[in-house]
Amino acid sequence: MEYKIVEDVGDLITCYVCKNLDLGYNWLGYHLTYGMMIDGKLVGALIFHDIRPGREVWWTIYTDNKRWCNRRMLRFMFGVAFKALKCHRISVSIDARNSRSLKLVEKLGFKQEGVLRAQRDDGGDSIVWGMLKTECKWL
């Protein structure tokens, strides 16, 4: 099995994420996007957005394949945030009904920081999670 991490060029992978998450594109300012490929097929992607170098970055992740998340990818994701961008924290916002994603971020070491009630387009809640660089075990 061939596993590759590819940088988005021309926002093709960004469009893939936004389309599959049913998001528009107007929320994205400056961002970096990386795709995860297995045997030449795009199986997931991570958008680094709302980047404040030296401070904070937000993540938006989409995947349709649970094999996207391996140690190599985790070291890469956290390395970009904490080493390349020199951020002190990573933030994510997850639909409160998305139990798989909630379990994943908790397992990765994120801490629940708050609930945004009725924040989603359909009226559902979002849960905000954060991780400080000092808490990261993936570097």
Side-chain angles (χ1 to χ4, degrees):
M1 179 168 32
E2 182 187 21
Y3 184 87
K4 285 173 97 173
I5 299 168
V6 295
E7 186 173 2
D8 192 10
V9 177
D11 278 346
L12 295 174
I13 299 172
T14 302
C15 291
Y16 160 84
V17 172
C18 292
K19 178 182 176 190
N20 282 292
L21 292 176
D22 199 23
L23 300 170
Y25 305 99
N26 59 350
W27 61 279
L28 278 173
Y30 172 69
H31 63 279
L32 303 170
T33 303
Y34 295 91
M36 298 72 121
M37 302 192 70
I38 297 175
D39 294 333
K41 180 181 185 256
L42 185 64
V43 297
L46 167 61
I47 303 173
F48 294 81
H49 57 92
D50 295 305
I51 301 167
R52 296 188 307 152
R55 300 283 313 211
E56 175 182 37
V57 63
W58 283 76
W59 283 358
T60 295
I61 299 171
Y62 173 77
T63 184
D64 59 5
N65 184 319
K66 64 183 177 183
R67 294 186 299 162
W68 77 270
C69 191
N70 63 26
R71 291 180 192 274
R72 178 176 168 220
M73 186 62 204
L74 291 171
R75 284 191 299 273
F76 176 81
M77 293 164 50
F78 288 104
V80 169
F82 291 132
K83 292 180 178 177
L85 297 174
K86 297 181 179 11
C87 290
H88 298 293
R89 65 174 283 120
I90 301 167
S91 300
V92 296
S93 176
I94 299 173
D95 186 320
R97 299 162 291 199
N98 187 339
S99 60
R100 283 186 172 173
S101 292
L102 295 170
K103 285 179 194 173
L104 174 64
V105 294
E106 186 171 22
K107 189 175 180 179
L108 292 177
F110 284 81
K111 306 288 185 225
Q112 183 176 332
E113 296 183 335
V115 177
L116 302 174
R117 298 175 299 142
Q119 188 262 346
R120 307 203 60 85
D121 289 342
D122 64 4
D125 296 345
S126 290
I127 301 176
V128 176
W129 295 75
M131 178 187 288
L132 302 177
K133 182 178 181 181
T134 56
E135 299 167 336
C136 184
K137 61 184 177 184
W138 301 101
L139 295 177

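The ring-ring contact (aromatic ring centres under 6.0 Å, His included) analysis of residues 95-119, with sequence neighbours excluded, yields the pairs W59-F110. Legend: side-chain hydrogen bond (donor to acceptor under 3.5 Å, both in side chains) pairs involving residues 98-109, not counting sequence neighbours, sorted by first then second residue: N98-S101. Within the structure, salt bridge (charged side-chain N to carboxylate O under 4.0 Å, His left out) pairs that include any residue of residues 61-85 do not occur (at least two apart or interchain). Within the structure, side-chain hydrogen bond (donor to acceptor under 3.5 Å, both in side chains) pairs that include any residue of residues 118-139 comprise D95-R120, R97-D122, Q119-S126, R120-S126 (at least two apart or interchain).
Legend: residues meeting salt bridge (Lys or Arg N to Asp or Glu O under 4.0 Å) with E113, ordered by chain and number and at least two apart, are R89.
By the 4.5 Å side-chain criterion applied to Ile, Leu, Val, Met, Phe, Trp and Tyr, V128 is assigned to a cluster that also includes W58, L116. Other residues sharing the hydrophobic cluster of L132, ordered by chain and number and joined by side-chain separations under 4.5 Å: none, the residue standing alone. L12 forms part of no hydrophobic cluster, judged by ILVMFWY side-chain heavy-atom separations under 4.5 Å.
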Check: residues 33-50 side-chain donor-acceptor pairs under 3.5 Å, at least two apart:
from, atom 1, to, atom 2, distance (Å)
T33, OG1, T14, OG1, 2.7
D39, OD1, E2, N, 2.7
H49, NE2, T60, OG1, 2.7

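For CZ of R52, the number of neighbouring non-hydrogen atoms (other residues, nucleotides, ligands) closer than 6.0 Å is greater than 12.
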Inset, instruction - Might you work through the side chain to side chain contact (heavy atoms under 4.5 Å, CB included) test for N70 and W68, ending with a clear yes or no? - result: CA-CA 6 Å; N70 63 26; W68 77 270; over 6 Å; no
Legend entry - Audit row: F82, M131, side chain to side chain contact (heavy atoms under 4.5 Å, CB included) steps and yes/no: CA-CA 10 Å; F82 291 132; M131 178 187 288; 4.2 Å; yes
Inset, instruction - Please report the C-alpha distance between H31 and D11 in whole Å, then the side-chain angles of each, then the deciding distance to 0.1 Å, and finally whether the side chain to side chain donor-acceptor pair (under 3.5 Å) criterion is met. - result: CA-CA 10 Å; H31 63 279; D11 278 346; 3.0 Å; yes
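Between the OG atom in S91 and the CD atom in E56 there is a gap of 3.5 Å [rounded to 0.5 Å]. Taking CD from E7 and CD1 from I13, the interatomic distance works out to 9.0 Å, rounded to the nearest 0.5 Å. Distance check, rounded to the nearest 0.5 Å: CG of L85 to CD1 of I51 gives 5.5 Å.
The two atoms that bring Y16 and N20 nearest to each other are O-ND2, 2.8 Å, heavy atoms only.
Each of M77 and V6 belongs to its own hydrophobic cluster when Ile, Leu, Val, Met, Phe, Trp and Tyr are linked at side-chain heavy-atom distances under 4.5 angstrom. Both F78 and L32 are part of a single hydrophobic cluster, where members link through side-chain heavy atoms under 4.5 Å apart. Residue W27 is not grouped with residue I90 when hydrophobic side chains (ILVMFWY) are merged at heavy-atom distances under 4.5 angstrom, including chains of intermediate members. A continuous path of ILVMFWY side-chain contacts below 4.5 Å connects V57 to I5, so both sit in one hydrophobic cluster. Linking Ile, Leu, Val, Met, Phe, Trp and Tyr residues whenever their side-chain heavy atoms come within less than 4.5 Å leaves I61 and L21 in two separate clusters.
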